2 protein chains.
Amino acid sequence: MTTLEKDKKIPQYRQLYEILRKHILEGIYKEGDLLPSENELCIIHSMTRPTVRQALSDLVNDGFIKKQKGKGSIVHQLPKGIGILSVAGTTSALSGQNLETRILVKPNVKQWADPFMFNLSEAEKNSGCIYMERLRLVNRKPLFYDITYIPNINLPRFTSRSFENKSLFDTLRGFYQIEVKGGEQKLRAIPANKEIGKYLEVPAGQPILHLERKIDTNRVGFCFYSSLYCNTEDHALFGIF
Amino acid sequence: MTTLEKDKKIPQYRQLYEILRKHILEGIYKEGDLLPSENELCIIHSMTRPTVRQALSDLVNDGFIKKQKGKGSIVHQLPKGIGILSVAGTTSALSGQNLETRILVKPNVKQWADPFMFNLSEAEKNSGCIYMERLRLVNRKPLFYDITYIPNINLPRFTSRSFENKSLFDTLRGFYQIEVKGGEQKLRAIPANKEIGKYLEVPAGQPILHLERKIDTNRVGFCFYSSLYCNTEDHALFGIF
DNA sequence: ATAAAAAACTTGTAAATACAAGTTAAAATA
DNA sequence: TATTTTAACTTGTATTTACAAGTTTTTTAT
């Protein structure tokens with residue numbers, strides 16, 4: 001095989017989800033619009049109602065539409081802030097904006113910090129972790145200071161890949177067939193220390209939002225971790241629930 | 001009729017959800033345990049697999065279990081922080097802990113603030129809002145300072161009800177059949193001002209987490225709003241996604 | 001005894017069907 | 001014309017069936 005990629009079948013409901021999501025993001029369906037009814041979507045895309053409903057259910061969970069019995073699927077107003085609180089990497093959360101990524105510390109293998117922000121399995125502890133520091137800028141202003149920890153398990157050539165202009169999520173999916181499934185996060189408001197203040201260009205002591213995240217994937221037992229410092233002075237973090 | 005309550009049929013999948021959720025919270029199923037398989041649940045509760053799967057799907061979305069193909073439904077580790085980021089009122093988010101609620105400003109009808117943190121419909125603007133301020137204490141320490149805004153639409157006797165030891169969500173459900181469906185929120189880290197500092201017993205300038213929330217309900221077009229100031233020094237906010 | 005193969009589980013995806021319940025638009029009635 | 005009723009839509013809930021795909025246990029063969 002010339003490539004590591006396996007051809008994985010994409011489920012029908014997922015394909016429909018992607019199509020509708022794209023159409024909403026492109027503005028083909030605008031805020032307040034009704035999507036075609038479930039029965040119409042069945043006919044258009046040659047699938048049955050349960051399949052269509054699964055796609056719509058995912059769109060509801062991700063905040064793109066809301067449903068009303070008797071009426072239809074209504075396109076939700078798109079988040080104006082930064083949608084990092086749901087399943088999304090920082091790159092996707094900031095899509096459409098003038099985004100720049102600066103690598104502060106290139107991916108390198110090291111030991112896990114002890115204690116670590118989440119409980120680690122023995123397998124994770126023994127394998128060590130790939131460590132990386134990145135800064136994300138929107139319109140030339142630094143917004144995120146992101147420290148990433150990835151277990152060093154079966155990820156050939158990972159440290160030599162570039163992340164300058166590519167999403168970590170895309171890299172994991174493209175080269176290793178790793179899909180993000182969900183995760184958990186802890187939030188705190190903390191004062192910026194000297195180092196964080198330097199990176200985010202704010203005075204020490206200024207309130208900063210700190211997210212500690214554990215991100216689950218489709219590979220059983222494989223999670224990765226992120227410690228994210230976010231300047232919310234200009235941009236609030238946005239989430240749906 | 002002597003009561004406002006209509007007898008609303010609770011769907012089977014919702015009943016199963018509540019049972020399993022309760023069992024997990026009570027520790028009958030512990031972290032890492034496998035729930036009975038879908039087919040077993042079908043037999044136990046006399047329902048079909050799609051119905052069971054809908055209940056399990058909701059449990060996944062709410063972070064109580066994760067599913068693994070070929071294996072089963074695994075009970076998730078329960079959040080140690082405060083699960084306010086998903087569908088939950090502060091009361092439910094703090095359940096099990098030594099919780100006290102102090103009413104700072106009793107419910108009273110007033111005009112909406114202008115500008116308001118979310119866009120309001122004309123119907124909402126015209127009706128005015130019910131305003132309330134509450135302080136939530138955990139183990140005698142104030143954690144949340146909560147300002148609630150509820151549109152004054154068809155909620156008889158609302159301002160005269162007590163919220164001392166009752167959840168707002170429970171009141172809305174019990175007296176008005178209003179169920180919380182979801183919502184959206186904006187998060188910021190801000191410095192405590194004098195007033196917030198006084199309530200949360202922290203020095204002015206200390207980083208505080210500010211949540212602005214719009215909460216959707218099953219009553220079409222009826223939302224309510226909350227501005228929540230949270231001291232995350234001791235307790236991080238916890239969320240799954 | 002060890003290793004490979006098969007069987008027996010598990011959840012994931014998908015179809016076809018039926019009726020309930022809420023909303024909207026058309027038709028009938030006053 | 002204005003109002004009420006009806007019909008035609010919409011999504012919500014639930015059953016039944018089938019097979020795919022991943023995991024674990026058992027059986028079989030070496």
Side-chain angles (χ1 to χ4, degrees), chain A residues 6-18 20 29 32-61 64-76 177-179 181-182 216-222, chain B residues 6-18 20 29 32-61 64-76 177-179 181-182 216-222:
Chain A
K6 301 162 195 165
D7 43 343
K8 237 184 190 172
K9 197 177 66 180
I10 295 166
Q12 292 184 60
Y13 74 87
R14 189 71 199 173
Q15 292 181 38
L16 178 55
Y17 168 92
E18 299 286 355
L20 293 174
Y29 300 118
D33 283 359
L34 285 176
L35 292 188
S37 79
E38 297 182 351
N39 283 323
E40 287 170 334
L41 288 172
C42 291
I43 296 167
I44 296 171
H45 297 93
S46 311
M47 43 183 80
T48 57
R49 222 180 125 215
T51 308
V52 168
R53 281 179 64 77
Q54 191 163 352
L56 294 179
S57 168
D58 289 350
L59 286 170
V60 169
N61 281 333
F64 289 100
I65 61 172
K66 54 185 172 185
K67 303 187 75 175
Q68 188 182 326
K69 188 198 277 194
K71 195 158 189 200
S73 303
I74 304 158
V75 176
H76 202 275
Q177 292 79 53
I178 292 175
E179 298 267 1
K181 286 294 192 185
D216 294 324
T217 72
N218 57 344
R219 199 183 274 193
V220 177
F222 185 85
Chain B
K6 300 164 195 163
D7 40 346
K8 237 185 190 173
K9 199 177 63 179
I10 295 165
Q12 293 185 59
Y13 74 88
R14 189 72 200 173
Q15 292 181 37
L16 178 56
Y17 168 93
E18 299 286 356
L20 294 174
Y29 300 118
D33 283 359
L34 284 175
L35 293 188
S37 78
E38 296 181 351
N39 283 321
E40 286 170 336
L41 288 172
C42 291
I43 296 168
I44 296 171
H45 297 94
S46 312
M47 43 183 78
T48 57
R49 224 182 122 213
T51 309
V52 168
R53 282 177 64 77
Q54 192 164 350
L56 294 180
S57 167
D58 288 351
L59 286 170
V60 169
N61 281 333
F64 288 100
I65 61 170
K66 54 185 172 183
K67 303 187 78 176
Q68 188 183 324
K69 189 199 276 193
K71 195 160 188 196
S73 303
I74 304 159
V75 176
H76 203 276
Q177 294 78 52
I178 292 176
E179 298 268 359
K181 286 295 192 184
D216 294 324
T217 72
N218 58 343
R219 198 184 276 192
V220 177
F222 185 84

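Note that the structure is predicted; figures quoted are calculated from it, not measured. Just so it is clear: chains get the letters A, B, ... in the order the sequence lines come, proteins before strands, and each one is counted from 1.
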Note to self: B/Ile74 and side-chain contact (heavy atoms from CB on, under 4.5 Å): which single residue from B/Asp33, B/Leu34, B/Ile65 fits?
What the structure shows: B/Leu34

Note to self: Taking the side chain as everything from C-beta on, heavy atoms only, tell me whether B/Val52 gets closer than 4.5 Å to B/His45.
What the structure shows: no

Next item on the list: Please identify each residue that fulfils salt bridge (Lys or Arg N to Asp or Glu O under 4.0 Å) with A/Arg219, with sequence neighbours left out.
Entry: none

Next item on the list: Starting at the 5' end of nucleotides 8-17 of chain D, put B wherever the base has a protein heavy atom under 4.0 Å, S where only the sugar-phosphate does, and a dash everywhere else.
Entry: --BBBBSBB-

Next item on the list: Could you please spell out the steps behind the side chain to side chain contact (heavy atoms under 4.5 Å, CB included) verdict for B/Asn61 and B/Ser57?
Entry: CA-CA 6 Å; B/Asn61 281 333; B/Ser57 167; 4.1 Å; yes

Check: Tell me the salt bridge (Lys or Arg N to Asp or Glu O under 4.0 Å) pairs involving residues 38-52 of chain A, sequence neighbours left out?
Finding: A/Glu38-A/Arg49, A/Glu38-A/Arg53, A/Glu38-A/Lys67

Check: Of all residues at least two apart in sequence or in a different chain, which pass the side chain to side chain donor-acceptor pair (under 3.5 Å) check with B/Thr48?
Finding: B/Thr51

Item checked: Rounded interatomic separation in angstrom, taking CZ from A/Arg219 and C1' from D/dT23 -> 17 Å

Notebook entry, point to check: Using rotation axes that map the C1' atoms of four end pairs onto the next four (five pairs an end), what angle separates the end axes of the helix from C/dA1-D/dT30 to C/dA30-D/dT1, to 10°?
Noted result: 10°

Check: Over how many whole Å does the gap from A/Leu34 atom CG to C/dA25 atom P extend?
Finding: 10 Å

Margin query: Could you go through B/Leu20 and B/Phe64, starting from their C-alpha distance and side-chain angles, then the distance that decides it, and tell me whether this counts as side chain to side chain contact (heavy atoms under 4.5 Å, CB included)?
Written below: CA-CA 9 Å; B/Leu20 294 174; B/Phe64 288 100; over 6 Å; no

Next item on the list: List in chain and number order the residues that pass side chain to side chain donor-acceptor pair (under 3.5 Å) with A/Glu18, two or more places apart in sequence or in another chain; answer none if no residue qualifies.
Entry: A/Arg14

